[in-house]
Amino acid sequence: MTEAEAAAELARLAGLIAQANLAYHQHDAPIMTDAAFDALLAENAALEAEFPDLIRADSPSRAGPGAPAASGFAKLRHGVPMLSLDNIFAPEGFAEFCASVRRFLRLAEDIPLVFVGEPKIDGLSVSLTYEDGVFQRGATRGDGLEGEDITANLRTLDDLPQMLKPPYPASIEIRGEVFMDKADFLAFLAEQTAAFEERERRRTAGEKAGEAIRIPVNPRNAAAGSLRQLNPEVTARRPLKLFAYAQGSSSEPVAATHWDYLERLRGWGFLVNPLSEVLPDENAAAGFQQRLGEQRAGLAYDIDGVVYKIDDLALQTRLGFVGRAPRWAVAWKFPAERATTILQDIQIQVGRTGALTPRAVMAPVNVGGVLVRHATLHNEDEISRLDARIGDTVVIQRAGDVIPQIVEVVLERRPPGTTPWQPPTVCPACGSHAVRPPDEVVRRCTGGLICPAQAVERLIHFVSRRAMDIEGLGQENIQRLYDETLVHTPADIFRLAPHAETLRGWEGWGGKSKTEAKKVTNLLAAIEARRRVPLERFLFALGIRRIGEQNAKLLARHYRSFAAWRAAMLEARVIGSDARLELGSIQGIGPAIATELTDFFDEPRNVEALDDLAREVTPDEAETGGLDGPLAGKTVVFTGSLANMSRDEAGAIAERLGAKVAKAVSGKTDFLVVGADAGSKAAKAAALGITVLDEDAFRAICGI
DNA sequence: ACTCCTCGAGTTCT
DNA sequence: CTCGAGGAGT
């Protein structure tokens with residue numbers, strides 16, 4: 001291959017991979033299988049190895065230090081999703097977890113459940129890919145499906161083997177935790193604080209100050225910041241450590257139990273947390289939890305709990321997943337850190353759909369290293385349950401998550417003369433009635449279109465990343481454009497261009513610094529770039545209640561074009577009309593969602609605003625999604641473990657070919673695809689006379 | 001009628 | 001990340 005051919009090929013690959021990433025990332029239908037995607041990456045890597053001079057600035061591998069820094073990090077897909085764990089906080093929770101495992105496996109009481117207990121370090125999960133024993137790339141957890149490519153930074157970690165010690169599988173993904181020791185963190189904190197003060201001194205003295213210094217708030221934050229450095233040399237100077245703890249995808253099985261797998265990790269040259277233990281039965285967990293709890297303060301690093309995993313990998317496979325969490329592992333967290341403070345006020349926020357949510361304003365207090373000022377109170381029931389009153393002393397915690405919550409009120413310290421908090425009867429933003437339907441939890445503003453708070457929230461939703469994705473238009477800018485009466489409806493956004501000079505006159509939008517000067521230009525360009533959008537994004541952006549990403553996708557797939565959808569919705573306002581029946585027949589769209597849509601179209605001002613918008617924006621027709629494919633309209637169920645792909649992956653392929661993927665076999669099922677160790681579903685399918693396919697037959701139907 | 005499960009909506013802080 | 005509600009299946 002000549003240089004010119006290679007350059008062209010690399011350009012083509014970069015384009016394809018970027019496209020595939022985009023399609024996957026935006027939750028649209030992926031345009032290729034994971035295997036095909038990996039093949040493209042491999043091809044790209046091979047070419048780059050052969051023609052190192054031709055490595056592109058936007059190379060999908062982004063492996064070398066020559067990678068450009070400007071736009072942050074490339075996205076990298078995980079071979080197997082990085083999942084989150086269910087959290088428990090007490091022995092009862094663990095008992096319940098074990099019971100559900102036993103129920104699922106139909107395991108008798110006298111057979112012990114063997115677990116591995118591992119300290120849960122408060123750091124950053126990373127995924128590391130090795131090909132033929134050589135470290136290829138690494139990524140952050142990200143949203144679980146894909147993370148950021150931080151290969152260059154990970155290479156600087158002493159604990160990360162650049163090469164595995166043999167024997168190793170041809171290709172393997174390893175999961176690990178990157179963290180900073182408490183002592184290292186304190187030293188780093190002191191260093192950063194000194195640098196910060198030095199910078200302040202220079203700045204006030206009018207000297208050149210240099211780049212801004214960030215002061216980390218906790219070890220986790222410091223580790224995260226260090227790994228996200230654009231310059232790997234900075235990361236190299238940070239005292240980061242790595243423990244390996246799990247497996248992602250692998251070209252071949254490497255162990256029969258999780259414990260053996262940890263041994264393999266050690267053999268390959270990884271550090272594995274030495275505190276991990278095999279627990280011979282479930283009763284050993286509570287003791288382990290307590291021991292670690294006692295050791296916790298003396299450990300070199302922060303841990304926030306213990307992860308318990310079923311040791312037998314075959315059982316893990318059988319147990320599988322619910323939603324985003326495995327059924328074979330839980331995180332047993334130590335009690336959350338708590339703090340007390342004063343509840344100063346209860347504010348009411350108005351959401352996009354008019355939901356009124358109370359929000360606690362408190363005297364700032366440090367909880368687990370973070371200064372907390374606000375907490376959500378969820379709804380008025382929560383407030384009455386707590387009997388929280390303004391002026392009360394309250395206990396707050398940041399539990400397994402990040403979001404602070406009020407746990408309880410310290411009644412002994414309640415000042416005299418307080419009264420129970422009363423929910424508002426009118427919307428604080430527009431004064432319309434605020435009503436709470438019986439049997440519902442949220443109170444809503446009835447102002448709808450006239451409520452300015454809802455209007456602003458709808459606009460923010462409209463431009464948000466998962467909707468129209470207009471870069472440069474965040475909450476603050478929208479609020480300002482709204483207040484200055486330049487933008488009151490979504491369509492107004494697309495009519496901003498004539499006001500460019502007005503915008504440039506605003507403080508912070510004008511011109512002194514270089515970045516400011518381009519702000520308006522960039523914003524207008526970002527807006528222009530969104531005059532064409534996929535139909536599903538357009539529908540989601542409208543912000544109709546109950547029409548989120550998934551339901552928008554269902555509608556887009558079904559009606560295909562904006563015009564067809566619009567016409568159908570207008571007709572569907574008549575109960576019993578063909579259009580209404582058709583709407584209700586869409587899998588996943590029930591009466592509540594249908595009514596929400598027709599209510600929207602019943603309001604003439606909504607239709608006006610919609611048509612106004614449609615004059616500015618062209619929603620692209622949705623892809624056919626295999627409407628005439630072999631699986632079109634069929635309901636498919638997967639069971640057992642498939643050899644060449646995960647069930648999720650197989651499901652995604654089937655959906656792309658127009659199938660509906662269900663969890664359980666029923667009379668409506670058309671095909672059951674069975675893998676190894678299939679359970680009761682296969683028998684049931686046989687009883688119902690449903691076509692049963694093995695993996696090869698399924699692949700043949702899909703043409704792969 | 002009851003039980004999963006998925007989806008939508010709202011929220012905090014860096 | 002959590003909660004509540006809708007939808008689908010038993």
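All heavy atoms count here, side chains included; hydrogens, waters and symmetry mates do not. Each chain gets a letter, A, B and so on, in the order its sequence line appears, and its residues count up from 1.
Among B:dC5, B:dA9, B:dT12, the nucleotide with an atom closest to any side-chain atom of A:Gln349 is B:dT12. Distances from the side chain of A:Val441 to the nucleotides B:dT12, B:dT14, C:dG4 place C:dG4 closest. For A:His374, the listed nucleotide lying nearest its side chain is B:dT12; candidates were B:dC7, B:dT12, B:dC5. The listed nucleotides are B:dC13, B:dG10, C:dG6; the one nearest the side chain of A:Arg546 is C:dG6. Considering only the side chain of A:Arg327, B:dC5 comes nearest among B:dT14, B:dA9, B:dC5. Nearest to the side chain of A:Arg545, among B:dA9, C:dG7, B:dT12, sits B:dA9. Side-chain proximity of A:Asn87 to B:dC13, C:dG7, C:dT2: nearest is C:dT2.
Whole-Å rounding puts the A:Met362 CE to B:dT12 C1' distance at 10 Å. Atom CZ in A:Arg443 sits roughly 16 Å away from atom P in B:dG10 (whole-Å rounding). Nucleotide C:dG7 holds its C1' atom 14 Å from the CG atom of A:Leu583, rounded to whole Å. Atom CD in A:Glu596 sits about 15 Å away from atom C1' in C:dG7, given to the nearest Å. A:Asp86 places its CG atom 11 Å from the P atom of B:dC5, with the value rounded to the nearest Å. Rounding to whole angstrom units, CG of residue A:Leu554 and P of C:dA8 are separated by 10 Å. Between the CG atom of A:Leu542 and the P atom of B:dA9 there is a distance of 12 Å, given to the nearest Å. The nearest whole Å value for the distance from the CD atom in A:Gln405 to the C1' atom in B:dG10 is 15 Å.
Side-chain N or O atoms of A:Asn551 include none that pairs as donor or acceptor with a backbone N or O of A:Ile589 at under 3.5 Å.
Residue contacts for A:Val442: at a heavy-atom cut-off of 4.0 Å it reaches no nucleic acid atom on any strand shown. A:Asn551 comes within 4.0 angstrom of the backbone, heavy atoms only, and of no base.
Side chains of A:Ser125 and A:Arg141: no donor on one and acceptor on the other come within 3.5 Å.
Where pairing requires Watson-Crick or G-U contacts shorter than 3.5 Å, the helical stems of DNA chain B with at least three consecutive pairs are B:1-10 with C:1-10.
Residues A:Arg373 and A:His461 each lie close to DNA chain B; by heavy-atom proximity, the contact nearer the 5' end of the strand is made by A:His461.
An OP1 or OP2 oxygen of B:dG10 is reached within less than 4.0 angstrom by no side-chain nitrogen or oxygen of A:Arg359. The phosphate of B:dG8 has neither OP1 nor OP2 within less than 4.0 Å of any side-chain N or O from A:Thr353.
Residues forming a ring pair (Phe, Tyr, Trp, His ring centres under 6.0 Å) with A:Phe462 (at least two apart in sequence, or on another chain): none. Scored by the ring pair (Phe, Tyr, Trp, His ring centres under 6.0 Å) test, A:Tyr482 finds A:His488 as partners (sequence neighbours excluded). Annotation: ring pair (Phe, Tyr, Trp, His ring centres under 6.0 Å) contacts of A:Phe540 (sequence neighbours excluded): A:His461. Looking at residues two or more places apart in sequence or on another chain, you find a side chain to side chain donor-acceptor pair (under 3.5 Å) between A:Glu603 and A:Arg605. A:His558 meets the ring pair (Phe, Tyr, Trp, His ring centres under 6.0 Å) test with no other residue; sequence neighbours excluded.
Note that CD1 of A:Ile586 is 4.0 Å distant from OH of A:Tyr559, once rounded to the nearest 0.5 Å.
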